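This one's a predicted model, so the numbers in the text were calculated from it and none came from an experiment. Position 1 is the first residue of the sequence; numbering continues from there. Remember, it's 1-based here, ligands and their atoms both numbered in the order they're listed.
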Amino acid sequence: MAKKFQTLKGFYDVLPERQRLCRFFEEKVLSVLDQYHYQEIGLPLVEPTGLFVESVGSHTDIVEKEMYSWEDHLNKDKLTLRPEGTAGCVRAVVENSLTYNGPVKLFYRGAMFRHENVQKGRQRQFHQVGVEAFGFEKPESDAEQILLLARLWKSLGLKNITLELNSIGDPNDRVIYRKKLIEYFEDNREVLDDDALRRLHENPLRILDSKNKEMQSMLNSAPKLIDYLSNEAKQHFENLCSILKSHNLPFKINTRLVRGLDYYNRTVFEWVSSDLGSQGTIAGGGRYDFLVERIGGNPTSACGFAIGIERIILLLEDLNKNNNNILPDVYIVNLGEMARPFAFFIAEKLRNEELKVSLNIEGSSFKSQMKKADKSGAKVALIIGDQEADNKKIQVKLIRKDGIQESVDEQTLSLYIKDKINFEK
Ligand code: HAM
């Protein structure tokens, strides 16, 4: 017996219905990115492992336990399937001297890979649109990216989304804070779970992110990084907040928001949907003014974010949005040997006129084809039998309008259909 294969855990086929929504999302996001004048960059899926260790950080979940890494046995290179896009984008900016002539605004899209526990909204292969601005230090650039996202949610019709915002200061601010935080956690050692104990001296800030219920009240009373910011970092954050306020964009300051990647400084933010359960973050990002230099470039301020496409698609599926986009205008029912080539010819002709046409090629009974026409969602069904093929007149049935049926000449067919379905070119 033939062996059957299945997709790997956390890896999925995207079936046409869902792929349609991906396309809808893509059209909207590309149009908003154009409005803000971002340019697309294509990046490899595989990078040297060291790039992620240096940038994402060796004590993060991603690097410690989620990367798909291997050694290329042909040349001993250590390689990793990208778990995120910022590191590769920064590498590309440095390698190609993209900021040589001044600041640049880039975006990329595609698959990312993390060996995570799989659940709703959390996959091992997932897709992001990532957006990065290099050479911008002012809070206006953070604000612009946040407003870009607000504009995108609006154009997608998404609701129940909140913006969470925090500042984690600059590396020097964190030296003092880190000490205070470790002291506090040491004093509360008996409440810490195993994960927290493991992170205590390596990455204590990440403990603040814990969802463990038993630790919440202790974490809520922990010292807050926002109280340890330098004057410059504080000013940056206050300016950002006031720009957002002046644009009437509501946000919540979440002093425990630290994000799971080590490269951030100052601004960090997440957009969270309340309709997705525990994996509700649909986009996250922030400022990373020290990363370019860390991986070999000249000191360059930068900020960016990434959107998790699968989570957006889940929301769009709930909204059942965009149906109109995926429906054909016309469904062609055809019966008889002579009818088929004529129906095929008519289908191509109508497509030349920019109509969306679904042609029944396999053939079946009239009744079953009419059922398919109805199910397709088309507004108009064409009925073509041998007689219609012979005299070049086509039966046009307005299936959403009391089933009115008329015989229309081939020459005037497309105009007739466009008129009936209010086709706008
Ligand atoms: P991140 O928060 O790790 O940030 O990922 C961004 C978004 O990708 C998340 O908010 C989520 O929507 C989606 N995502 C992450 N992991 C998964 C998963 N396992 N399954 C499904 N969706 C997922 C970054 O990746 C940063 N590179 C963002 C950034 C760009 N920061 C600055 N520039």
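- Taking the ring-ring contact (aromatic ring centres under 6.0 Å, His included) definition, one finds that Y288 meets it with Y263, sequence neighbours left out.
- Side chains of S278 and Q119: a donor-acceptor N/O pair is present below 3.5 angstrom, by distance only.
- Between R109 and E26 there is a salt bridge, with a side-chain nitrogen of the basic residue lying less than 4.0 Å from a carboxylate oxygen of the acidic one.
- A salt bridge links R259 with E270: the distance from a Lys NZ or Arg NE/NH1/NH2 to an Asp or Glu carboxylate oxygen falls below 4.0 Å.
- Applying the side chain to side chain donor-acceptor pair (under 3.5 Å) test to H201 and every residue at least two apart in sequence or in another chain returns E186.
- Partners of F251 by ring-ring contact (aromatic ring centres under 6.0 Å, His included), not counting sequence neighbours: none found.
- Listed by chain and residue number, the protein contacts of ligand 1 are E84, T86, R114, E116, G121, R122, Q123, F126, Q128, E132, R259, L261, Y263, Y264, T281, I282, A283, G284, G285, Y288, G304, F305, A306, G308, R311 (heavy atom within 4.0 angstrom).
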